[in-house]
Protein chains: 2
Amino acid sequence: MAKHNAAPAACEPYPRPLCTVDVIILTLLDATLQVLLVQREDAPGEPFPGRWALPGGIVDTQHDRSLEDCARRKLLDKTGVVAPHLEQIGSWGDAVRDPRGWSTTHVYLALLPAATLHPRRGGNAADLRWFPLEPPAGGPALPPLAFDHARLLGAGLARLRGKAEYTSLPIYLLPQTFTLSELQAVFQVVLGRSLEKKAFRTRILASGLVEELDEMKETSRRPARLYRRKTDEGLHYFPRALESHGGSVGPS
Amino acid sequence: MAKHNAAPAACEPYPRPLCTVDVIILTLLDATLQVLLVQREDAPGEPFPGRWALPGGIVDTQHDRSLEDCARRKLLDKTGVVAPHLEQIGSWGDAVRDPRGWSTTHVYLALLPAATLHPRRGGNAADLRWFPLEPPAGGPALPPLAFDHARLLGAGLARLRGKAEYTSLPIYLLPQTFTLSELQAVFQVVLGRSLEKKAFRTRILASGLVEELDEMKETSRRPARLYRRKTDEGLHYFPRALESHGGSVGPS
DNA sequence: TCAATAGTGTCTCTCAGACACTATCAA
DNA sequence: TTGATAGTGTCTGAGAGACACTATTGA
């Protein structure tokens, strides 16, 4: 074991870059996409003190069994929950993105329902906060982010929005039980445009993604049927994209 | 510069993992998808001596400006050409995939036309060879690969095949000029099934991806119109996937 | 009764699949 | 002429968009 993590061998003339993982944790709060950010420590030697950043950090080769394991750990650490969706977005590595030198980051996207968050661990500590991605008029804008995290967040959002055009991905922003109107609202928030109700419902019901429950959601108006996301179904690829992608411009 | 690549700081109690890049270089030769592999050195301390592996290796933090830059360098090094398509597939990192210890690899997929390869640098050295992915009956099968490269190659192929269902990706396996029959053949090889001629041609021509040339390709039969891939068009997302994905099973 | 939200009926349009048909070359 | 490959005409069907319609609740 000690041998495994020995210093670079003679055949390895280059210094190893710093290896980190960052997690884009998204949820839906107040009918808005929100991202969980942490405020960086104000300690000597720490880059970007006081700045907001994606949760993440250096891979712990003693305890993390893999990159994905590291991402899961950081997610659990910040939210206290296991996200129903976690995927790798990509990796970025160069000499300038971290002032400490050549570094790599492995970026993951986690989607989770806001309802599952504990009030305390769900991101309400002083150094941990949810930020709306499209702040209401006059509301708080996203702060400047540490490192190249704005770019990483952009890539994660592009992935989510791109996949929302032809997969069921945004379903993971909801609890397992929901109404079709709620699901449509989630897609609309992610895509930033409204969708046609009948077409949307047909699309979802034909997909076999959800099962009808006997219960209804009681609201102030007409009650709505509840559906449950089938756990054994993975991400669904619809046979068609939702709308023209404006020609040849596709998702990332 | 020297400071940037200094040893891990005190705030970094974990040994840094080995950082590598591997490139899946695919082309179409003899109407078959082929992957370029290198035979590993038989030197002391080198893992998997004599085994075939994806081209790649340790990131050179002195010369590689970024991970992608490193992939481009390795590609140029092995093939002598700049591939018309290079994308990141993903990253894998854990303690066991490399016997030397905790390591990460950043996997890229390169697609290129066989015609552009120089006969010498195109992969004909003793330790560099093209291997057909679906060998003709009785032909040479893919050898066992070093490290977890079989898994990495599988992920690259899944990406190519998945995207072939709803994007123009396989077009990069051809030279810039081709006939529609040739293009259809490429898609068929990638997808492993035959496609309907009329639908395929309509799909391509409606996409605006190609422009008609005045020239014809003279063959032994009726000459075929030549088309040229427009360089300013990127990857095209078709409005529909080619066929049912067998329910909810989608591309990676 | 009305306002609001849930949910349906039905037409149109686009585009992939099927498949038979014509066109153009060499031998 | 035939064989082979290039390329077209045209019908079908799935599924997204549009939009008007009905249904069910609280106030």
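Chain letters run A, B, ... following the sequence lines, proteins first and then strands; every chain starts at 1. Quick caveat: nothing in here was measured; it's all calculated off a predicted structure.
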Of all pairs that satisfy salt bridge (charged side-chain N to carboxylate O under 4.0 Å, His left out), the ones with a partner from residues 199-213 of chain B, not counting sequence neighbours: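 For residues 199-213 of chain B, and leaving out neighbouring residues, the salt bridge (charged side-chain N to carboxylate O under 4.0 Å, His left out) pairs sorted by first residue read B:Glu212-B:Arg225.
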Inter- and intrachain pairs under salt bridge (charged side-chain N to carboxylate O under 4.0 Å, His left out), touching residues 176-190 of chain B, at least two apart: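 Checked against salt bridge (charged side-chain N to carboxylate O under 4.0 Å, His left out) - neighbours excluded - the pairs reaching residues 176-190 of chain B are B:Glu182-B:Lys217.
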B:Tyr172: ring pair (Phe, Tyr, Trp, His ring centres under 6.0 Å) partners, not counting sequence neighbours: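 Scan of B:Tyr172 (ring pair (Phe, Tyr, Trp, His ring centres under 6.0 Å), adjacent residues dropped) gives B:His85.
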Give every pair of a protein N or O atom and an N or O atom of nucleotides 11-14 of chain D that lie under 3.5 Å apart, one pair per line with the distance.
from, atom 1, to, atom 2, distance (Å)
D:dA14, N3, A:Arg240, NH2, 2.4

Contact nearer the 5' end of DNA chain D, comparing B:Leu226 with A:Thr202: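 With B:Leu226 and A:Thr202 compared, the 5'-side residue is B:Leu226.
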B:Arg161/B:Glu165 salt bridge by N-O under 4.0 Å criterion: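 So B:Glu165 does not pair with B:Arg161 through a salt bridge.
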Qualifying ring pair (Phe, Tyr, Trp, His ring centres under 6.0 Å) pairs, either residue in residues 192-227 of chain B, two or more places apart: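 Ring pair (Phe, Tyr, Trp, His ring centres under 6.0 Å) check on residues 192-227 of chain B returns B:Phe187-B:Phe200.
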With a 4.5 Å cut-off on side-chain heavy atoms, are [Y] and [X] touching?
X	Y	answer
B:Leu67	A:Ser91	yes
B:Leu195	B:Leu242	yes
A:Trp130	A:Leu37	no

Return the value, rounded to whole Å, for the distance between atom [atom1] of [X] and atom [atom2] of [N].
X	N	atom1	atom2	value
A:Ile204	D:dG17	CD1	P	12 Å
B:Leu205	D:dG9	CG	P	13 Å
A:Leu195	D:dA18	CG	C1'	13 Å
A:Leu242	D:dG17	CG	C1'	11 Å
B:Arg201	C:dG17	CZ	P	15 Å
A:Lys217	C:dG7	NZ	P	12 Å
A:Leu183	C:dA6	CG	P	13 Å
B:Tyr227	D:dA6	OH	P	12 Å

Nucleotide-resolved protein contact map, nucleotides 18-26 of chain C, B/S/- at heavy-atom distance under 4.0 Å: BB---BBBB
Cation-pi, A:Phe238 ring and A:Arg240 (6.0 angstrom, 45 degrees):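 Pair A:Arg240/A:Phe238 does not count as cation-pi.
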